[in-house]
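Remarks on the structure that follows.
Each chain gets a letter, A, B and so on, in the order the sequences are listed, and its residues count up from 1.
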Amino acid sequence: MRIATWNVNSVTARLPRLLAWLENSGTDVLCIQETKCAAEQFPADELRELGYESAVNANGRWNGVALVSRVGLDDVVKGLPGDPGYDGAEEPRAISATCGGARVWSVYVPNGREPDHAHYAYKLLWFEALKAAIAGDAQGSRPFAVLGDYNVAPADEDVWDISLFEGATHVTPAERAALAALRETGLSDIVPRPLKYDVPFTYWDYRQLGFPKNRGMRIDLVYGNAAFQKAVTDAYVDREERKGKGASDHAPVVVDLDI
DNA sequence: ATGTCGTTCAATGAACGA
């Protein structure tokens, strides 16, 4: 089974590339983040024509996640139990389902904006709720993984120049501690191969020639339990998808599994 | 080859988030 995660930065703007990528990549299950559309605007019909079922948790302009599968899509759960919400409202940042024998989540962790911003406190609370929600499945014998845009670089090496991140989110000890807490439930970081350069960056800012200069970050992560990790045969970042006109600012992370 | 992109609201750009 080939499973992938991709922050598409608007599923409607990305639709031609999304359909082409699914056709060409041989992906069985895709975890999508930042659909940036209302649920009814999600291109389920176009995906169905390619043989994929869809499950969507989205509500408009911001955020939005989805699961797309051609190997089954059962027991869909939208949202995160205990989601702290932001500014009085719960946001569509999580969806989970059973696909081809694996239980998978597609998550879009809050950005945090600045360490002294309310959004940062929200981000940490959101991580706590995620940990509580997945701890049971992490210990289970069924292959289980949480895939998505975590908006945290696990180590200093996971950003192009750590000296430029002083005082910034995505690299703070508290955010990294939140990742460590997730791993302590029984999940492992499935680190993909970079297809070019040394570090498997997954995101490059649109601005200031981020991609051509490889000013990237590894913030799209695959956290799998022991059964999932044991089944992994390969993992890589499809940086080709970041190239050219009409690309998302994130590249897909692809994982091959012997299940 | 790549010196932002995408959505929304109200509008022929600005505001906002990332």
Side-chain angles (χ1 to χ4, degrees), chain A residues 5-21 31-43 46 56-66 83-94 106-127 147-153 158-161 164-172 175 178 194-197 201-221 237-253:
Chain A
T5 181
W6 187 14
N7 179 324
V8 295
N9 187 22
S10 171
V11 74
T12 45
R14 213 63 56 214
L15 185 58
R17 290 186 71 134
L18 171 64
L19 297 175
W21 189 79
C31 304
I32 295 175
Q33 299 86 39
E34 283 208 83
T35 59
K36 287 186 166 179
C37 67
E40 57 270 24
Q41 293 174 309
F42 188 85
E46 292 88 338
V56 184
N57 183 15
N59 68 0
R61 178 179 192 181
W62 305 117
N63 314 307
V65 290
D83 191 309
Y86 183 67
D87 210 12
E90 186 175 330
E91 300 175 320
R93 295 182 175 275
S106 175
V107 299
Y108 178 48
V109 177
N111 175 286
R113 300 184 188 168
E114 306 292 338
D116 60 355
H117 197 287
H119 210 260
Y120 179 85
Y122 165 51
K123 182 179 194 173
L124 297 179
L125 287 174
W126 202 91
F127 267 122
L147 305 92
D149 180 353
Y150 281 66
N151 270 317
V152 180
D158 292 315
V159 299
W160 79 93
D161 183 351
L164 300 176
F165 282 77
E166 188 149 348
T169 59
H170 294 60
V171 299
T172 65
E175 289 167 286
L195 297 186
K196 189 177 179 183
Y197 305 118
F201 294 146
T202 65
Y203 162 83
W204 300 261
D205 199 300
Y206 285 128
R207 294 164 290 190
Q208 299 173 312
L209 286 173
F211 185 62
K213 294 182 177 176
N214 200 36
R215 293 178 174 173
M217 304 171 70
R218 186 170 81 90
I219 56 176
D220 298 273
L221 308 176
V237 181
D238 188 358
R239 71 186 302 283
E240 295 299 310
E241 186 51 44
R242 181 62 180 79
K243 294 182 177 179
K245 195 171 176 64
S248 170
D249 44 0
H250 296 250
V253 178

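Nucleic acid contact for Ser248(A): none, since no nucleic acid atom lies under 4.0 Å from a heavy atom of the residue.
For the pair Arg242(A) and Ser10(A), nearest-nucleotide mapping onto DNA chain B gives the more 5' position to Arg242(A). Residues Gly244(A) and Val11(A) both approach DNA chain B. Their nearest nucleotides, taken by heavy-atom distance, put Gly244(A) toward the 5′ side.
By the 30° and 60° cut-offs, the orientation of the rings of His250(A) relative to Tyr203(A) is tilted.
The nucleotide whose nearest atom lies closest to any side-chain atom of His119(A) is, among dT4(B), dC16(B), dA18(B), dA18(B). The side chain of Ala13(A) has dG6(B) as its nearest neighbour among dG6(B), dT4(B), dT2(B). Taking the side chain of Trp62(A) as heavy atoms from C-beta on, and the options dT2(B), dT4(B), dG6(B), the nearest nucleotide is dG6(B). Counting only heavy atoms from C-beta on, Lys36(A) has its side chain closest to dG6(B) among dA1(B), dG3(B), dG6(B). In the set dG17(B), dA15(B), dT4(B), dA15(B) carries the atom at the smallest distance from any side-chain atom of Arg61(A). Here dG6(B) is the nucleotide among dA18(B), dG6(B), dT2(B) with the atom lying nearest to any side-chain atom of Arg14(A). Among dC5(B), dA15(B), dT2(B), the nucleotide with an atom closest to any side-chain atom of Phe211(A) is dT2(B). Out of dG6(B), dT2(B), dA18(B), the shortest distance to the side chain of Leu209(A) is found at dT2(B).
Atoms NE2 (His250(A)) and C1' (dA18(B)) sit 8 Å apart, rounded to a whole Å. Rounded to an integer number of Å, the gap from Tyr108(A) OH to dG6(B) C1' is 12 Å. To the nearest angstrom, P of dT7(B) lies 9 Å from CD of Gln41(A). The nearest whole Å value for the distance from the CZ atom in Arg17(A) to the C1' atom in dG6(B) is 15 Å. When rounded to the nearest whole Å, the span between CG of Asn9(A) and C1' of dG6(B) equals 6 Å. Here the P atom of nucleotide dC16(B) and the CZ atom of Arg113(A) are 11 Å apart, to the nearest Å. When the C1' atom of dA1(B) is taken as reference, atom NZ of Lys213(A) falls 15 Å away, rounded to whole Å. Rounded to whole Å, atom C1' of dA1(B) lies 13 Å from atom CD of Glu240(A).
With hydrogens and angles ignored, the 3.5 Å screen pairs a side-chain donor or acceptor of Arg17(A) with a backbone N or O of Glu241(A).
Lys36(A) is not listed as a side-chain neighbour of Thr12(A), based on a closest heavy-atom distance of 4.5 Å or more.
Applying the side-chain contact (heavy atoms from CB on, under 4.5 Å) test between Gln33(A) and each of Thr5(A), Val8(A), Asn63(A) identifies Thr5(A) as the sole match. Exactly one residue among Lys123(A), Glu175(A), His170(A) makes a side-chain hydrogen bond (donor to acceptor under 3.5 Å, both in side chains) with Asn151(A). That residue is His170(A).
Only the P atoms considered, dT8(B) is 24 Å distant from dG3(B), to the nearest whole Å. When the P atom is compared between dA11(B) and dC16(B), the two are found 15 Å apart, to the nearest whole Å. Taking atom P on both dA10(B) and dA15(B), the two are 14 Å apart, rounded to the nearest angstrom. Nucleotides dG17(B) and dT12(B) have their C1' atoms positioned 23 Å apart, rounded to a whole Å.
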Q | Stepwise side-chain contact (heavy atoms from CB on, under 4.5 Å) check, Arg242(A) with Phe201(A) | A | CA-CA 11 Å; Arg242(A) 181 62 180 79; Phe201(A) 294 146; over 6 Å; no
